[in-house]
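Report on one structure; see the data block that follows.
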Amino acid sequence: MHELFANRLVTIGFTKLTPIQEAVATPLAEGASIDALAPTGTGKTLAFTWPLLPNLQPGDGEQLLILAPSQELAMQSTRVIREWATLLDLKVLALTGGANVKRQIESLKKHPEIIVGTPGRVAELVHNGKLS
């Protein structure tokens, strides 16, 4: 785990990884694709956030796309990921239906490293040439 993340965990009193976090950390950090299942509330978002973020380069534009099946999950994931991404100077953008698409397109011009989106909005922006 990245040193900044470990320090933050100590600060917030986090003492033990959940089983899903332990199971996926090394494979994801090494670039493996995984298929994992865990109950709600077990820390799945952090399970993939901690190993993936240190591989991204601040300022290099879009490097990680996370698709969420609903607006609610996309926004929840964005909040969690942003908390950790800011420790590494990484920007996170949520692309969801129901939000102002023009504002989202303007935010894309800032080249965030991480995009969390719903399939419909991501597909719309790809189709319109605003996201590749």
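Every heavy atom of this structure was used, including side-chain atoms; hydrogens, water molecules and symmetry mates were not. Numbering of residues begins at 1 and proceeds along the displayed sequence.
- Counting only heavy atoms from C-beta outward, the side chains of L131 and L95 approach each other to under 4.5 Å.
- Here the straight-line distance linking atom CD of E3 with atom CG of L87 works out to 12.0 Å at 0.5 Å rounding.
- Side chain of Q21 to main chain of G43: a donor-acceptor pair is present (N/O by atom type, distance under 3.5 Å, no hydrogens or angles).
- Annotation: side chain of E62 is in contact with side chain of L108 (closest heavy-atom distance under 4.5 Å).
- The shortest non-hydrogen separation linking N55 to Q63 is O-OE1, 4.5 Å.
- Nearest heavy-atom pair across A68 and P119 is O-CD, 3.1 Å.
- Under the 3.5 Å distance criterion, the side-chain polar atoms of N128 are left unmatched by any main-chain donor or acceptor of K130.
- At least one side-chain heavy atom of R82 sits under 4.5 Å from a side-chain heavy atom of T86.
- The shortest heavy-atom contact between T118 and A74 is CG2-CB, 4.2 Å.
- Taking 4.5 Å as the limit, every side-chain heavy atom of W84 sits out of range of all side-chain heavy atoms of L90.
- With salt bridges taken as basic N to acidic carboxylate O contacts below 4.0 Å, none links E106 and R103.
- I81 is connected to I34 through a chain of hydrophobic side-chain contacts under 4.5 Å among Ile, Leu, Val, Met, Phe, Trp and Tyr, so both are in one cluster.
- Of all heavy-atom pairs between P51 and A29, the closest is CB-N, 3.7 Å.
- Within a 6.0 Å radius of CG in L37, no more than 12 heavy atoms belonging to other residues, nucleotides or ligands are found.
- Grouping the Ile, Leu, Val, Met, Phe, Trp and Tyr side chains by contacts below 4.5 angstrom, directly or via other members, places L93 apart from L52.
- By the criterion of side-chain heavy atoms lying less than 4.5 angstrom apart, applied directly or through intervening Ile, Leu, Val, Met, Phe, Trp or Tyr residues, V122 is not grouped with V116; the two fall into different hydrophobic clusters.
- A donor-acceptor pair is defined here as one N or O able to donate and one able to accept, closer than 3.5 Å; such a pair exists between the side chain of T42 and the backbone of P39.
- Side-chain contact between E124 and V101: present, with at least one pair of heavy atoms (C-beta onward) separated by less than 4.5 Å.
- The closest donor-acceptor contact from the side chain of E113 to the backbone of V92 lies at 3.5 Å or more, if one exists at all.
- No donor-acceptor pair closer than 3.5 Å links the side chain of K91 to the backbone N or O of I114.
- Closest of all the heavy-atom pairs between R121 and G98 is NH2-N, 3.9 Å.
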Apply ring-ring contact (aromatic ring centres under 6.0 Å, His included) to the pair F14 and W50, showing each step before the final yes or no.
-> CA-CA 14 Å; F14 194 96; W50 291 329; 5.8 Å; yes
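- If you take OG on S107 and NZ on K102, they are separated by 14.5 Å, rounding to the nearest 0.5 Å.
- The neighbour count for E22 CD, taken as heavy atoms of other residues, nucleotides or ligands under 6.0 Å away, is above 12.
- Between L73 atom CG and L67 atom CG the span is 11.0 Å, to the nearest 0.5 Å.
- Side chain of E83 to backbone of V80: no donor-acceptor contact under 3.5 angstrom is found.
- You'll find the side chain of L64 reaches within 4.5 Å of the side chain of L56, heavy atoms only.
- By the criterion of side-chain heavy atoms lying less than 4.5 angstrom apart, applied directly or through intervening Ile, Leu, Val, Met, Phe, Trp or Tyr residues, L17 is not grouped with V10; the two fall into different hydrophobic clusters.
- Looking at T26 and L28, their side chains never come closer than 4.5 Å, going by heavy atoms from C-beta outward.
- Linking Ile, Leu, Val, Met, Phe, Trp and Tyr whenever their side-chain heavy atoms come within less than 4.5 Å puts V24 and L53 in one cluster.
- Side-chain contact between F5 and L88 is present, with heavy atoms from C-beta onward closer than 4.5 Å.
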